Amino acid sequence: MRTLSKSDFKLASNCATKLHYKERGYPQREDDNPYLAMLAEGGYMVEQLARLRFPEAITLSYGRDPVLDAAETRQALHADQVTLFEATILSGRKLVRIDVLRKNGNRVDLIEVKSKSFDPLAGGAAGPFRNSKKRGNEYPINSEWIEYIDDVTYQTMVLREACPEFIVTPWLLVVDKTGETSVEALPQLFEIRRDVEIDGRIKDLDIRYTGASDNPAAQEILTQVNVSSEVEQRLPEVAAIAEELLALYHDDVVDRAPPDLRYVTCRDCEFRVAEGVEQNGFAECWGALGAVKPSILELYKFSTTKLGDESLADVMIRAGKVSLYDVNEADLVKKSGEPTAASVRQLRQIACTRDDEVWISPRMAEALGSWQYPLHFIDFETSMMALPYHAGMRPFETIGFQWSCHSIDVPGGEVRHAEWLNDRDSWPCLEFVESLREAIGDDGTVLMWATHERTTLNKIADQMERYGVGTPELRAWMERLVGTKDEPGRLRDMNRLCEQYFVLPGTGRTSIKVILDGLWQRDAVMRERFREWFGGDAYEVAAGKGPYEALPELTIAGTTLDVSEGTGAMRAYQAMLYGAERRDPALVEGYRMLLKRYCKLDTLAMVLVWDSWRRRGEG
């Protein structure tokens, strides 16, 4: 029987058409490896810790026929008092599996476990889950929490329908970001095994907590929060969405809902995969509009541009006008004719694309000329986990686990590379900063792309002060590097320069990956210098591909990994330290190689872009 599970509901709640593609197995974007995503988020650790709160619980079967699973749950609920893990509840076609279901007489606690950061002091009088301003007679659920509240709401609705005799109280069991752990190396207390046979069935993954089950310290960062009022507020809308989705089910077939094309929903759709893929959900929804080049989907910050109270992009999509050249430039500026901060770049992007010309401001050369040698191009890789890495830490604290730096000592000098990567389960931030100082010293301008590096250094400085580590001299060096309100420091943001002074035809986004790939096709000198500067790790870039796209993949334990952005790096790091392969030296070395190659390319990309800007400015 086809069912509307809570994962189906979550996927299709903002676009019913997605349900059709999921049911037919259409490919989704390849940026989500389920195993690595699980490791990065740390949800499996939070779930195992949460279960320690309920030692009396019975773990039920699931994954068979949903009718059989629901019948087993029904039988277990005949007991007057019982606590269940993975209870399956079925109401018609609506199906949910509940993390923790605790029954006492006719009163039932429905507890959903999430590895979400919860701040009990947020939200003011309206509560931590709501906006501080009313809409009508109520405070709306905060956008940060809406998907989690709707998840619990859907489960509550299904349980009440299936068991109307119960009085159901919904709860979220979440991670309290204000708490500190007293357990050292808490993430190391979880063991992950692949392809394990349990009770005659092969499980893809088996996860176990190996610490003392009666240790109260392991529970000190979790908190259980009643969300009854939030669920009651969302219940009418969640019920309406569920009925809309259920109307698509006929026997064992799920009909395709007519697509409602919208800018943000479609631009970020899971089923917007590479061109040429046979089953492409985005291409089917958009039809001929999806083939239009250049598209408004690539226009810089177009999602924030309004036409009256509506999104200008959505108005254009409804009218079937999705070319970049369909944009009425008068709609991008204020009524006075004055451009906004975003529209200055939007107008230049349209003009550059139409003329197929790169635009670089004369002020770019002035900005580059203000930099002091030696030049240091740096990139950090960082990680956050729901469970603190070490005693005294709070949940979701930032860890700097890797940096890469390309330096040029004098104008026209050689490009040299330095790097550092932590591969031990220890608090790495002090060594991270000390090794960085050794590499870049006290002189020269330090370049970053966007503000991640400055933010990371500020967070590490806060940790060092709280933990009482690091010398006063080292902290003073960090302050000189980052700067203060009165002194700008040594850091300069190349992404900010890009937004202000540089536009590539057809390119709206300004990530280093996008800018490098856009310049790559136009700059033969850049391609030659890449091969020269990437050194012994150089690889041949396939025709028509930029360096990031051609970055070789690596297969580790049957999983193909492609670390081409920061999230992928964080996931690879978690796998190296806490994954099923962490005790295999060869596989750990594979992760090390993958991380170093990606981070090195990030800083070399900055050098290549700087060099291209410099040559264009001189021209």
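Being a predicted model, the structure only gives us computed values, none of them experimental.
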Q | Any side-chain heavy-atom pair of Arg437 and Met478 under 4.5 Å | A | no
Q) Is any side-chain N of the basic residue among Glu275 and Lys293 closer than 4.0 Å to the acidic one's carboxylate O? A) yes
(Q) Determine whether the aromatic ring centres of residues Trp613 and Tyr501 are separated by less than 6.0 angstrom. (A) no
(Q) Are Phe380 and Phe432 an aromatic pair, judged by ring center distance below 6.0 Å? (A) yes
Q.
Tell me if a side-chain donor or acceptor on Thr340 pairs with a main-chain N or O of Ser343 at a distance below 3.5 Å.
A. yes
Q: May I ask you to test the Leu121-Pro128 pair for a side-chain heavy-atom distance under 4.5 Å?
A: no
Q) Hey, does the side chain of Ser612 reach the backbone of Leu608 with a donor-acceptor pair shorter than 3.5 angstrom? A) no
Q. Do the ring planes of Trp610 and Tyr373 sit parallel (below 30°), tilted (30 to 60°) or perpendicular (above 60°)?
A. perpendicular
Q.
Would you say the rings of Tyr573 and Phe401 are close, in the sense that their centroids are separated by under 6.0 Å?
A. yes
Q) Could Lys513 and Asp517 be called an ion pair, given the rule that one side-chain N must be under 4.0 Å from one carboxylate O? A) no
Q) How about Phe396 and Phe118: are their ring centroids closer than 6.0 Å? A) no
Q: Using a strict 4.0 Å threshold on nitrogen-to-oxygen distance, state whether Lys459 and Asp462 make a salt bridge.
A: no
Q) Restricting to pairs with a member in residues 294-307, which pass salt bridge (Lys or Arg N to Asp or Glu O under 4.0 Å), not counting sequence neighbours? A) Arg272-Glu298
Q. Should Arg424 and Glu431 count as an ion pair when the cut-off is N to O under 4.0 Å?
A. yes
Q. Within a reach of under 6.0 Å around CD of Glu465, are more than 12 heavy atoms found that belong to other residues, nucleotides or ligands?
A. no
Q: Answer yes or no: is there an ion pair linking Asp442 with Arg490, defined by an N-O contact shorter than 4.0 Å?
A: no
Q.
Check Glu397 with Arg466, please: is the shortest side-chain N to carboxylate O separation under 4.0 Å?
A. yes
(Q) Check this for me: does any side-chain nitrogen of one of Asp523 and Arg529 sit under 4.0 Å from a carboxylate oxygen of the other? (A) no
Q.
If we ignore hydrogens and angles and just use 3.5 Å, is the side chain of Gln372 paired with the main-chain N or O of Thr445 as donor and acceptor?
A. no
Q. Mind checking whether Trp449 and Phe377 have ring centres under 6.0 Å apart?
A. no
Only pairs under 3.5 Å count here: list side-chain donor-acceptor contacts from residues 357-364, not counting sequence neighbours, and write none if there are none.
unit_1	atom_1	unit_2	atom_2	d
Ser361	OG	Arg363	N	3.0

Q: For residues Thr305 and Asp331, determine if any side-chain heavy atom of one lies less than 4.5 Å from a side-chain heavy atom of the other.
A: no
